[in-house]
There are 2 protein chains.
Amino acid sequence: MAVRLKDIARDLGISTVTVSKVLRGNSDVGDKTRARVLKRMKELNYQPNMLARGLASGKTYTVGLVVPDLVHPFFAEFAKSLSGELRKTHRALLLASSEEDPVIEMQEIRTLLQRGVDVLIIASCQAVLKNFYELGDNRTPYLLFDRNFPHLAANFIGNDDVVVGEMATRHLIDLGRTRIAHIGARYSSPAFDRLRGYRNALAAAGLPADEDLVVTRERVEEAGDLVGNAMMRDLLKLKPRPDAVFCYNDTTAIGAIEAVLEAGLRVPEDVAIIGCGNLRYAAYLKVPLSAIDQNTTELGKRAAQVAVELAEKPQAELKCIMIPPKLVARESTVGKRRKRTPLNA
Amino acid sequence: MAVRLKDIARDLGISTVTVSKVLRGNSDVGDKTRARVLKRMKELNYQPNMLARGLASGKTYTVGLVVPDLVHPFFAEFAKSLSGELRKTHRALLLASSEEDPVIEMQEIRTLLQRGVDVLIIASCQAVLKNFYELGDNRTPYLLFDRNFPHLAANFIGNDDVVVGEMATRHLIDLGRTRIAHIGARYSSPAFDRLRGYRNALAAAGLPADEDLVVTRERVEEAGDLVGNAMMRDLLKLKPRPDAVFCYNDTTAIGAIEAVLEAGLRVPEDVAIIGCGNLRYAAYLKVPLSAIDQNTTELGKRAAQVAVELAEKPQAELKCIMIPPKLVARESTVGKRRKRTPLNA
């Protein structure tokens, strides 16, 4: 059984109210009594009940996080970094996965809100989100992560995905590629903005924007490798075929590389491929993968800081934090000779 | 502001006690009043306060999970499967990472217990754990996952790691390898048992157990690739060098393959390598990786079921659940011709 306040009171022959006052740091308890109570709490390894404490303060000291897929390296790295930073402030992370399903996402958000998190962080898979309170209550502060909603005035942390798209595409252009395709996602701000960045870079280089070279799909996270493979097969049917591809994320890039190799072509000689995310094992892949690194660890750290600020001051000014991405060039774009040279953009 | 019971009471001109009785399903409220209260709750989208509810029932409807590394594919897959299964019972997952540090693990466990989880699931990185209550309280039921402690009578879910070691080693023996090394971990039941399985298989085949061929390290999770690389370099200095290696997990196997290739040797022709875990992208690696699949999704599902049982009946009989592993043979052991043929053990 857990030690309760009344056990301590009984042991010392004093009232529960006095013990409770000591616990709350109330000053109208004599020094001698206070010392006896603290000594006994230590002896019995007394742990205050956080539920009761939360009820009194209205805080739960938990942060909720909803991501599309827990195993996806980008979201796993983010959750790890976030949880490590929250640990320093004695806060815990309540984690939920939406499985890229908008309906499951709404359920998970409701569950977290009913449970009472101090702040909610969401990489939402909703196609449209005009009013966040469609999803939840109207008092828990929330922070959008990775996916922003242009018409929603909300706290946001992520990368500038236009820059991500420009950086990846410019890298392919700098390598002399001229027929550059994009394997993209749908209905999310990174999807729209990476595509915009891709088009910006082509325009800046005076390259034509051939709409046949842009293919997009939904659900590019968990089964991204299979989706990337299928879309690359489609692109390889084009005449002339693309000589480079900027993929929405690393998982679609892994699938795209597989499709190129299966077609008997070479990466990067015939088709150069770049992803986004820079997953932990990118260097160990069949063709070590070039990628835009989103600085996921920094994203997690900063998200934790914003979450703590929001928990303490829910009505603070809206924050929009963009972490700068960087290019990591490996064999899938620059070939074997220059492999694994991280280039700063 | 959130809708409170007293808002509903005021709107309907009845007492808060009556509203509360309706919420708790108390029968001494007239049908007409009950209907009015429920209608108003729906109109206002009233969400019961889970904190208050938890305080009344003594339950939090949360399960705590502590793993060594959130990004490690094995633990991420487990957490994903566990959280999906818990969702069905309206329970949430509180997730913490110990960063493979026994001191952080103890902090995280204490934080979760103080917060009040109904059940704790732990893949512990403690070297010795004779009494779980050294770590926490003595009332929260807990379930050890992946790592068992022989001298502790506790609920456990994982694989039979002796079988894992035997299966991996026998696969290498069946391929005609005779000088089989083991890159292992330390101080954990999977470490000891996989090593035992490795020795059993060698003995059963009449192969000598050369102690030079067994190398072990701590902290084989997060930086497993670097550790595996370093240990493989050591093994390659032996004369004669090993012709096969059973690695503790997939990450050490990835590093070991890298070391073999860096030495100008071939996988599997010169050195066959098998890992354990069967990570999501194993087929896309430089040398597609053979591995013992731990059936992580099933582990997560069954762990959720046990957690719910423990939450409802903390004093139930101790459970020890072993999920059967299976062999997945890819290029790193069987070469290109027979790649990606899953073999059931």
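Heavy atoms only: backbone and side chains are in, while hydrogens, waters and symmetry mates are out. Convention: sequence-line order gives letters A, B, ...; per-chain numbering from 1.
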Please classify the contact of A/Leu86 with chain B as side chain, backbone, both or neither, using a heavy-atom distance under 4.5 Å.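 Contact with chain B is absent: no heavy atom of A/Leu86 under 4.5 Å.
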At a heavy-atom separation under 4.5 Å, does A/Leu65 approach chain B through its side chain, its backbone, both, or neither?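 Contact with chain B: none, neither part.
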Is there a donor-acceptor contact under 3.5 Å from the side chain of B/Arg87 to the main chain of A/Ser97?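 Judged by distance alone, yes, a pair lies under 3.5 Å.
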Please identify, among [options], the residue contributing the most non-hydrogen atom pairs under 4.5 Å to chain A.
options: B/Ala92, B/Ser83, B/Ala96; answer: B/Ala92
options: B/Leu112, B/Val287, B/Thr62, B/Leu285; answer: B/Leu285
options: B/Arg91, B/Glu99, B/His72; answer: B/Glu99

Closest heavy-atom pair and its distance - B/Lys286, A/Ala283: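 The pair with the smallest heavy-atom distance is NZ-O, 3.6 Å.
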Run the side chain to side chain contact (heavy atoms under 4.5 Å, CB included) test against A/Ala76 and tell me which residues pass, sequence neighbours left out.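 A/Ala76 satisfies side chain to side chain contact (heavy atoms under 4.5 Å, CB included) with B/Val71 only.
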Looking at chain B, which one of A/Asp225, A/Thr251, A/Leu279, A/Leu261 has the largest number of heavy-atom pairs inside 4.5 Å, strictly under?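 Sorted descending by pairs with chain B, the first entry is A/Asp225.
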Would you say [X] and [Y] make side-chain contact, with heavy atoms under 4.5 Å?
X: B/Leu94; Y: A/Leu94; value: yes
X: A/Lys80; Y: B/Asp69; value: yes
X: A/Ile257; Y: B/Tyr284; value: no

Could you give the distance from CG (A/Asp250) to OH (B/Tyr281), rounded to the nearest 0.5 Å?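 Nearest 0.5 Å value for the CG-OH distance: 8.5 Å.
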Contacts of type side chain to side chain donor-acceptor pair (under 3.5 Å), residue A/Ser98, not counting sequence neighbours: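 Residues passing side chain to side chain donor-acceptor pair (under 3.5 Å) with A/Ser98: none at all.
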